[in-house]
Engineer: 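Quick one: this structure, given as structure tokens, is what I'll be asking you about.
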Amino acid sequence: MKQLMLGNEAVARGLYEAGCTFVSSYPGTPSTEITEAAAKYPEIYAEWAPNEKVAMEAAFGASLAGRRSFCGMKHVGLNVAADPLFTLSYTGVRGGMVIAVADDAGMHSSQNEQDSRHYAMAAKIPMLEPSDSAEALDFAKLAYELSEAFDTPVIMKMCTRVAHSQSVVEAGEREEVPQKPYEKDGAKYIMMPGNAKRRHPVVEERTAKLADWAEHASVNRIEAGKDYSLGIITSSTSYQYVKEACGNTYPVLKLGMAWPLPVEKIKTFAAGVDRVVVVEELDGFIESHCRYIGVPVEGKSLFPCVGELSQNMVAAQLGQYHCTGKKLAEDIPARPPVMCAGCPHRGLFYTLKKNNLTVLGDIGCYTLGAVAPLGAMDSTICMGASVSSLHGFNKATGGESEGMTVAVIGDSTFMHSGVTGLINAAYNESNSTVIILDNSITGMTGHQQNPTTGFNLKGDPCTKIDLESLCRAVGINRVRVVDPYDLAACDTAVKEELAAKEPSVIISRRPCALLKYVRHPGPIAADRDKCVGCKSCMRIGCPAISIVEGKAVIDSTLCTGCGVCSQLCKFDALGGALS
């Protein structure tokens, strides 16, 4: 049956049809929907893991037990999982194992741009790269065939535009794949030096065989054109841009396998045209391969290695018609991202700003505490870095910064990789204050459960990790909980913990304002007669508050009635019930 599917949903459908039975992932945009969609199939066990490394290791365990398994993550998540990734290249698999990584060119929701094709080459693991939803489904099934045929994990590289766009797929039936019986094989799976040395030549031989497969694989195809003065080599979403910009004007070598890349097929294609241009996003990965095998090409001299490509950009560089667009008569006001109305993080960040603290931040929607008017953050690096960086910062200053520096980290991020930094602080006796922003959900990627929420991926009740007990168990004696809606309590807690002469944790606990089960008091009103236009209420950056004709106005469609703004008003102009 033909139907429209998101690229991520199509991957999940491919997992289902291929007989996958085990899925473990950590949510990360733009990869999240793969696992959420896979969880809807009763034949597939699906879970959220605390982080990507754990997810990959769990998927390996399922493979070792003889089942087809999967783990998914975004590009920076692959950094976290790189440790098992490189060694799994040596061990190979029993049941087929597929790893999806979704790159975020343009950094729509990421702290860097990263081309994951380099991981495939470095780890010597094959990588498939679909260009639409139909290929996403088909390539997922193909990935299991390759995994088991060549005894290797297989990476599927998605990107934002393929993951989050819809196209037509034709769904098929599920193939029930028998579980392979477990057989002890220490020489293959115990990667101590003696065994690993013997496995490395196996990896090199496998890569050679995969490269030969790539020469004849249908996923690498040559499409005929009308004008052979130019030939285009491309892949992924760039292929779609090329076809939309050029149609069938020029011949195209469409590469569905990102690694290993073919050699003779590229040489044959290049020999049949006068000029070769490589169209690819981010790094010149294909371009470098072409130059290495002696094929002269153009690529990054025409297209940037920063940000996404587009149909217009491709058309302009290839001499095709492109729309230049029209400028609007009036400039649209900038709308920088802000924390939602009623966001529980707002009061805490206001407190940090008011006390002029150095704040080492982390990855999550609370990173918006860095933007005006709060501006209460000094660094954001990667998941869990806030806690570790705080320890180093305070040690490096000889203790001078201890009373003026904190780390902030979300509950899900803390479970992902913050707890090890806290262990380091306790073990090395770092007089540091860590603030865990517990909004009872993984907010940034769309409200996924995590080990602190008490529910699993399917929404069923499960073990709930107690943050207070966990912090005390790793050696933190001072642990306290505050309500971020209570500004006075936040101020007292921050000052007291910073003054303490030992490591401490403040848990700022209030559920995300957007959770469906959270009940709010309802919008409040601004009294124009009492308002003096001092704009103190604007310091928290709530999108529900604006100044109209010198007076505060509250948008009742946005306001949740959290009451944080009313605590800032000295004239009692905020907080009355909406009439």
Side-chain angles (χ1 to χ4, degrees), residues 15 18-26 45 47 49-73 75-101 116-128 140 142-157 177-214 257-261 417 420 423:
L15 303 181
C20 174
T21 62
F22 182 93
V23 171
S24 183
S25 305
Y26 183 82
Y45 168 82
E47 66 179 24
N51 65 32
E52 296 86 358
K53 179 178 185 292
V54 172
M56 187 173 292
E57 291 161 350
F60 166 71
S63 168
L64 186 64
R67 291 293 191 183
R68 287 187 167 182
S69 66
F70 170 85
C71 64
M73 61 207 69
H75 63 290
V76 288
L78 192 55
N79 299 336
V80 179
D83 195 2
L85 177 74
F86 278 72
T87 302
L88 291 179
S89 176
Y90 277 39
T91 65
V93 300
R94 285 194 64 76
M97 179 176 172
V98 175
I99 302 160
V101 57
S116 296
R117 293 177 295 179
H118 295 290
Y119 268 113
M121 182 170 66
K124 300 176 181 179
I125 290 177
M127 174 182 277
L128 298 175
L142 174 61
Y144 282 110
E145 296 175 13
L146 291 175
S147 177
E148 292 173 351
F150 290 92
D151 189 15
T152 178
V154 175
I155 302 173
M156 271 191 67
K157 177 184 171 293
V177 181
Q179 182 174 3
K180 295 182 179 180
Y182 175 71
E183 296 177 4
K184 192 176 183 68
D185 190 350
K188 187 174 190 288
Y189 295 112
I190 302 174
M191 284 300 97
M192 60 178 62
N195 290 337
K197 289 178 181 178
R198 287 186 284 271
R199 290 297 298 175
H200 190 182
V202 174
V203 172
E204 300 300 336
E205 181 182 356
R206 180 186 72 206
T207 300
K209 291 179 179 178
L210 281 162
D212 182 66
W213 183 87
M257 191 173 204
W259 187 259
L261 290 165
S417 49
T420 49
I423 292 170

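Below, all heavy atoms of this structure are taken into account, side chains as well, without hydrogens, waters or symmetry copies.
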Engineer: Which atom names give the shortest non-hydrogen contact between A65 and Q179, and what distance separates them?
Structural biologist: O-NE2, 2.7 Å
Engineer: Kindly say whether S69 contributes a backbone atom to a donor-acceptor pair with the side chain of Y144 at under 3.5 angstrom?
Structural biologist: yes
Engineer: Could you walk me through whether R206 and S89 pass side chain to side chain donor-acceptor pair (under 3.5 Å), step by step?
Structural biologist: CA-CA 10 Å; R206 180 186 72 206; S89 176; 2.9 Å; yes
Engineer: Roughly how far, to the nearest 0.5 Å, is the CG atom of N79 from the NZ atom of K53?
Structural biologist: 14.0 Å
Engineer: Between the side chain of N195 and the main-chain N/O of G186, is any donor-acceptor distance below 3.5 Å?
Structural biologist: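 Yes: the side chain of N195 pairs with the backbone of G186.
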Engineer: So, taking the atom named CD in E205 and the one named CG in L210, what distance separates them when rounded to the nearest 0.5 Å?
Structural biologist: 11.0 Å
Engineer: Angle between ring planes, Y189 versus F60, binned at 30° and 60°: parallel, tilted or perpendicular?
Structural biologist: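 Taking F60 first and then Y189, their aromatic rings sit tilted (interplane angle of 30° to 60°).
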Engineer: Check whether any side-chain N or O of T87 sits under 3.5 Å from a backbone N or O of P84 as a donor-acceptor pair, and report yes or no.
Structural biologist: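 Not at all, since once roles are kept as given, no pair shorter than 3.5 Å links the two residues.
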Engineer: How far apart are the closest heavy atoms of P260 and A211, and which atoms are they?
Structural biologist: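 Smallest interatomic distance, heavy atoms only, reads CG-N, 3.5 Å.
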Engineer: Test your reading of the model: is there a side-chain donor-acceptor pair from Y90 to the backbone of K188, 3.5 Å cut-off?
Structural biologist: no
Engineer: Has the side chain of S147 got a donor or acceptor atom that lies under 3.5 Å from a matching backbone atom of G96?
Structural biologist: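 No.
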Engineer: Kindly write out the residues that satisfy side chain to side chain donor-acceptor pair (under 3.5 Å) with E145, not counting sequence neighbours, or none if the list is empty.
Structural biologist: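 Applying side chain to side chain donor-acceptor pair (under 3.5 Å) to E145 gives none.
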Engineer: With a 4.0 Å cut-off, would you call D185 and R94 a salt bridge?
Structural biologist: no
Engineer: Quick one: does S63's side chain get under 4.5 Å of F22's, heavy atoms only?
Structural biologist: no
Engineer: Minimum heavy-atom separation for S116 and V101, please, with both atom names.
Structural biologist: OG-CG2, 3.5 Å
Engineer: Suppose we screen for ring-ring contact (aromatic ring centres under 6.0 Å, His included). Which residues come up paired with Y26, at least two apart in sequence or across chains?
Structural biologist: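 Scan of Y26 (ring-ring contact (aromatic ring centres under 6.0 Å, His included), adjacent residues dropped) gives H416.
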Engineer: Determine the minimum heavy-atom distance between V154 and A143, stating which atoms define it.
Structural biologist: CG2-O, 3.5 Å
Engineer: Is there a donor-acceptor pair under 3.5 Å between the side chain of T207 and the backbone N or O of V203?
Structural biologist: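 Side chain of T207 to backbone of V203, a donor-acceptor pair under 3.5 Å: yes, one is there.
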Engineer: From T91 OG1 over to D151 CG, what is the distance, rounded to the nearest 0.5 angstrom?
Structural biologist: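 Between atom OG1 of T91 and atom CG of D151 there are 7.5 Å.
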Engineer: side-chain contact (heavy atoms from CB on, under 4.5 Å) between L85 and Y119: does it pass, once the steps are laid out?
Structural biologist: CA-CA 9 Å; L85 177 74; Y119 268 113; 4.0 Å; yes
Engineer: Nearest 0.5 Å please: distance from the CD atom of E57 over to the OG atom of S24.
Structural biologist: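 E57 atom CD to S24 atom OG measures 10.0 Å (nearest 0.5 Å).
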Engineer: Would you find a donor on one side and an acceptor on the other, under 3.5 Å apart, between the side chain of E52 and the backbone of L78?
Structural biologist: no
Engineer: To the closest 0.5 Å, what do you measure between CG (L88) and CG (D83)?
Structural biologist: 9.5 Å
Engineer: Looking at A18 and R68, what are the two nearest heavy atoms and their distance?
Structural biologist: O-NH1, 2.6 Å
Engineer: Just verifying a value: how many Å separate K124 NZ and F86 CZ, rounded to the nearest 0.5 Å?
Structural biologist: 10.0 Å
Engineer: Among M127, M156, M73, which residue meets the side chain to side chain contact (heavy atoms under 4.5 Å, CB included) test with I99?
Structural biologist: M73
Engineer: What's the shortest heavy-atom distance between M56 and C71, and which atoms?
Structural biologist: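 Heavy atoms of M56 and C71 come nearest at CA-SG, 3.8 Å.
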